[in-house]
Amino acid sequence: MSDVRVIIKRDSEEQEERLVTTGTTAAELFDGDRTVVAARVGGQLKDLAYEVADGDEVEPVGIASEDGLNILRHSTAHVMAQAVQELFPEAKLGIGPPIKDGFYYDFDVEKPFHPDDLKRIEKKMQEIVKRGQRFSRRAVSDDAAREELADEPYKLELIGLKGSAAEAAEGASAEVGAGELTIYDNLDPKTGELCWKDLCRGPHLPSTRIVPAFKLMRSAAAYWRGSEKNKQLQRIYGTAWPSRDELKEYLDFLVEAEKRDHRKLGAELDLFSIPEQIGSGLAVFHPKGGIVRRVMEDYSRRRHEEEGYEFVYTPHATKGKLFETSGHLDWYADGMYPPMQLDEGVDYYLKPMNCPMHNLIFDARGRSYRELPLRLFEFGTVYRYEKSGVVHGLTRARGFTQDDAHIYCTKEQMADELDKTLTFVLNLLRDYGLTDFYLELSTKDPEKFVGSDEIWEEATETLRQVAEKQGLPLVPDPGGAAFYGPKISVQAKDAIGRTWQMSTVQLDFNLPERFDLEYTAADGTKQRPVMIHRALFGSIERFFAVLLEHYAGAFPAWLAPVQAVGIPIGDAHVSYLQDFAAEARKKGLRVEVDASADRMQKKIRNAQRSKVPFMVIVGDEDMAAGSVSFRYRDGSQKNGIPRDEAIAEIAKAVEDRVQV
RNA sequence: GCCGCCUUAGCUCAGUUGGCCAGAGCGACGCACUCGUAAUGCGUAGGUCAAGGGUUCGAUUCCCUUAGGCGGCUCCA
């Protein structure tokens with residue numbers, strides 16, 4: 001028996017060389033450490049059953065690491081598929097990869113799963129976990145695999161696609177890698193009997209018993225291989241975690257996210273609604289939401305003015321010809337509201353974008369290089385015909401208002417202007433309370449673009465440099481650009497760590513050409529300007545929703561619809577408070593007095609639930625002293641504050657735009 | 001657009017295995033209570049059980065269609 005020399009890497013620091021006998025498995029190297037679920041050998045993930053070879057560098061993969069979690073979730077997906085096929089023997093397997101926080105598996109079944117079915121499947125999964133079946137890897141030839149999986153038409157299709165798995169379908173590479181095919185057998189730990197098998201690249205947990213905590217979340221249809229031309233399979237989503245505590249933490253997170261749902265808070269706080277009578281995706285703002293929105297807009301307006309933007313207004317509808325010129329009717333007609341015929345057969349459209357109209361403003365007269373960069377800004381309301389299944393509260397609406405700007409500049413000004421714009425955008429977002437960003441650089445889609453390669457390269461490089469200058473993480477998004485130019489998008493993380501796509505800064509090589517935009521250069525020649533599209537909130541409605549969720553409805557005082565509520569202990573204190581409120585209003589503060597017949601405890605409860613930043617409470621003591629008492633949202637209080645100081649404190653919180 | 005689930009009072013939800021006047025809490029309104037930090041008590045009003053069609057002696061309940069919502073998929077200039 002010959003010896004095998006391996007190097008065990010615990011982390012980048014610690015290395016251990018060890019001599020073991022031939023046939024030693026990775027599991028044996030890490031024996032005793034139950035949190036190790038796989039091994040990385042020379043950069044490749046392997047099952048713990050892998051027999052180490054001479055010269056291998058072997059690294060343990062912990063269940064809590066990113067790879068470890070993926071393996072856990074992938075294996076749990078297998079357990080689910082096994083459970084499904086035990087309960088629904090006719091179910092055909094699609095694909096079942098790990099995803100963020102969980103996994104899914106697609107099945108072709110006669111009848112879609114009912115929520116009750118998920119409970120049964122979950123129970124069956126628990127049995128399988130308890131049985132402790134071994135995951136056992138076995139290499140097979142393509143032909144052998146075809147024979148074994150003759151009853152699994154979707155797996156057969158994947159075998160045929162081997163090697164191009166990356167394009168086959170998202171997640172398909174989890175089933176078939178680029179190399180040889182493998183099948184994982186689930187074996188009974190005692191008898192070694194085959195319980196189930198699946199075509200899979202692996203690796204997997206050594207045993208189903210290792211699955212510590214999981215839950216099935218929901219079922220939904222999904223197109224086979226992600227194309228709407230294909231049949232819809234039934235997808236079941238689940239989540240799996242290294243411990244029950246982590247599962248609970250995740251479920252708690254979902255509960256918290258649900259509490260913050262802007263659709264729910266919007267109704268609770270009386271901010272907006274989406275009346276059925278108006279139509280799906282078309283919102284109305286109630287007075288309280290109207291205040292928040294107006295303050296958001298006013299502040300943005302002021303900052304834009306300071307930054308050299310000029311304000312324009314354009315109509316909501318236009319003759320179709322404009323969108324022929326812009327090309328929107330060629331590219332995006334599906335996403336536009338259908339035309340209305342006016343004036344004997346002329347088609348008018350609701351506008352889905354503001355840029356063509358801004359171009360007409362640019363083109364209204366001859367432009368000089370002295371005017372550039374020309375920055376046109378508008379809160380421009382646009383209408384897009386979103387498909388019925390995608391409309392979602394304020395974040396995906398059919399009518400919404402963009403804080404839209406188009407910057408026309410010379411090619412020489414482009415880099416500087418982009419830099420300025422991005423800095424401005426990020427700082428303004430920070431003013432609204434978002435602080436955690438990363439940037440995404442969307443580059444050319446080789447299938448879908450206009451303009452020369454040179455100009456794309458130059459522009460992309462400029463964007464990259466500008467983005468890097470911000471010192472924020474920069475994530476590439478190859479092929480993600482619109483056909484007319486590359487873009488940077490700003491992604492912001494909210495208070496509970498969710499990422500939202502916010503602003504975009506986008507170059508456009510298409511529209512200046514189509515609209516034949518020109519300016520006169522210093523040498524008297526006509527030149528084409530560069531055009532930058534830039535939306536900061538994206539849509540005001542959407543940004544409103546993001547802030548609402550970010551703050552969980554508890555807006556900082558400057559945005560809060562009501563900044564302070566006066567709560568009298570008894571009727572005798574109402575007029576004193578009304579006086580106080582009137583004084584505060586003179587300073588531009590939004591202060592109300594709750595003079596209802598409720599008891600003061602009830603008023604406090606109501607104020608608390610409406611998430612007012614300041615409660616101003618007054619009884620005999622404060623009235624006699626000419627003071628008021630504050631109660632803050634966290635329940636803490638500050639008593640006996642002189643009236644002037646109280647107003648000054650509220651005013652300062654508003655002025656500084658801080659959370660209280 | 002596709003698939004599934006859902007729609008009972010302003011809101012949150014009971015309920016009817018097809019049968020007399022469809023219930024509760026909160027909210028609204030009224031009366032009483034005048035109170036120092038998260039719900040005072042009593043009372044009143046409020047529903048074509050989403051809309052339309054069908055089956056049936058009888059439909060809120062079963063079936064179909066439509067609208068809207070929710071969760072996914074596809075899409076998102």
Side-chain angles (χ1 to χ4, degrees), chain A residues 104 106 111-118 170 217-237 258 261 263-264 267-268 270 273-281 323 326-328 330-336 352-356 382 384-393 395-398 402 448 480-485 487 501 504 506 508 510-511 533 535 538-539 542 567-574 596-609 615-623 629-633 635-639:
Chain A
Y104 66 78
D106 290 343
K111 243 179 64 187
F113 298 109
H114 189 268
D116 292 340
D117 293 333
L118 295 195
E170 200 183 332
M217 305 303 287
R218 60 177 64 94
S219 64
Y223 297 106
W224 168 239
R225 293 177 57 203
S227 166
E228 61 185 324
K229 291 190 194 88
N230 292 338
K231 180 169 183 179
Q232 288 196 331
L233 306 182
Q234 293 302 312
R235 175 172 296 181
I236 302 179
Y237 285 92
E258 206 180 308
D261 190 315
R263 296 164 297 185
K264 201 177 142 126
E268 267 171 31
D270 196 16
S273 59
I274 305 175
E276 195 188 318
Q277 296 91 325
I278 297 180
S280 189
F323 292 119
S326 69
H328 285 103
D330 293 338
W331 293 87
Y332 302 114
D334 287 351
M336 291 167 65
M353 288 194 105
N354 301 302
C355 28
V382 297
R384 297 181 184 178
Y385 178 70
E386 299 287 1
K387 289 194 273 182
S388 61
V390 309
V391 172
H392 180 95
T395 57
R396 193 82 185 268
R398 283 181 172 168
Q402 294 183 308
K448 200 177 145 190
F483 70 92
Y484 51 75
K487 73 171 176 205
Q501 201 208 54
T504 56
Q506 186 148 18
D508 191 335
N510 185 44
L511 285 184
H533 300 249
S539 107
R542 196 180 117 89
I567 297 177
I569 303 288
D571 282 350
H573 317 113
V574 169
S596 69
D598 289 329
R599 297 173 74 208
M600 63 90 71
Q601 285 86 343
K602 182 61 177 292
K603 293 181 184 184
I604 287 171
R605 180 180 153 87
N606 287 151
Q608 194 84 36
R609 296 211 309 179
M615 289 178 220
V616 183
I617 299 173
V618 167
D620 288 339
E621 287 167 33
D622 276 313
M623 210 162 91
S629 294
F630 277 160
R631 180 190 160 103
Y632 301 92
R633 285 199 277 232
S636 65
Q637 40 182 303
K638 202 191 297 178
N639 296 331

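As the structure is a computational prediction, the values presented were derived from the model and not from experiment. Here is the naming used below: chain letters follow the sequence lines, and residue numbers restart at 1 for every chain.
Between A/R599 and B/U40 there is a side-chain polar atom (N or O) within less than 4.0 angstrom of OP1 or OP2. An OP1 or OP2 oxygen of B/C73 is reached within less than 4.0 angstrom by a side-chain nitrogen or oxygen of A/Y237. OP1 or OP2 of B/G71 lies within a sub-4.0 Å distance of a side-chain N or O belonging to A/R263. When the side-chain nitrogen and oxygen atoms of A/S388 are compared with OP1 and OP2 of B/G1, one or more of them lie within a distance under 4.0 Å.
With a cut-off of 3.5 Å on both pairing distances, the Watson-Crick or G-U wobble partner of B/G41 is B/C31. Across all strands shown, B/C13 forms a Watson-Crick or G-U wobble pair with B/G23, both key distances being under 3.5 Å. Judged by Watson-Crick or G-U wobble contacts below 3.5 Å, the nucleotide B/C73 has B/G1 as its partner. For B/C62, the paired nucleotide is B/G54, the pair qualifying as Watson-Crick or G-U wobble because both relevant distances are below 3.5 Å. Of all nucleotides present, only B/U7 satisfies the Watson-Crick or G-U wobble test against B/A67, with each distance under 3.5 Å.
Among A/I604, A/I567, A/N606, the single residue meeting the side chain to side chain contact (heavy atoms under 4.5 Å, CB included) criterion with A/D598 is A/N606.
Side-chain proximity of A/S280 to the nucleotides B/C35, B/G69, B/A77 is greatest for B/G69. With B/U37, B/G1, B/C5 as the candidates, the nucleotide lying closest to the side chain of A/H114 is B/C5. Side-chain proximity of A/K602 to B/G72, B/G36, B/G27: nearest is B/G27.
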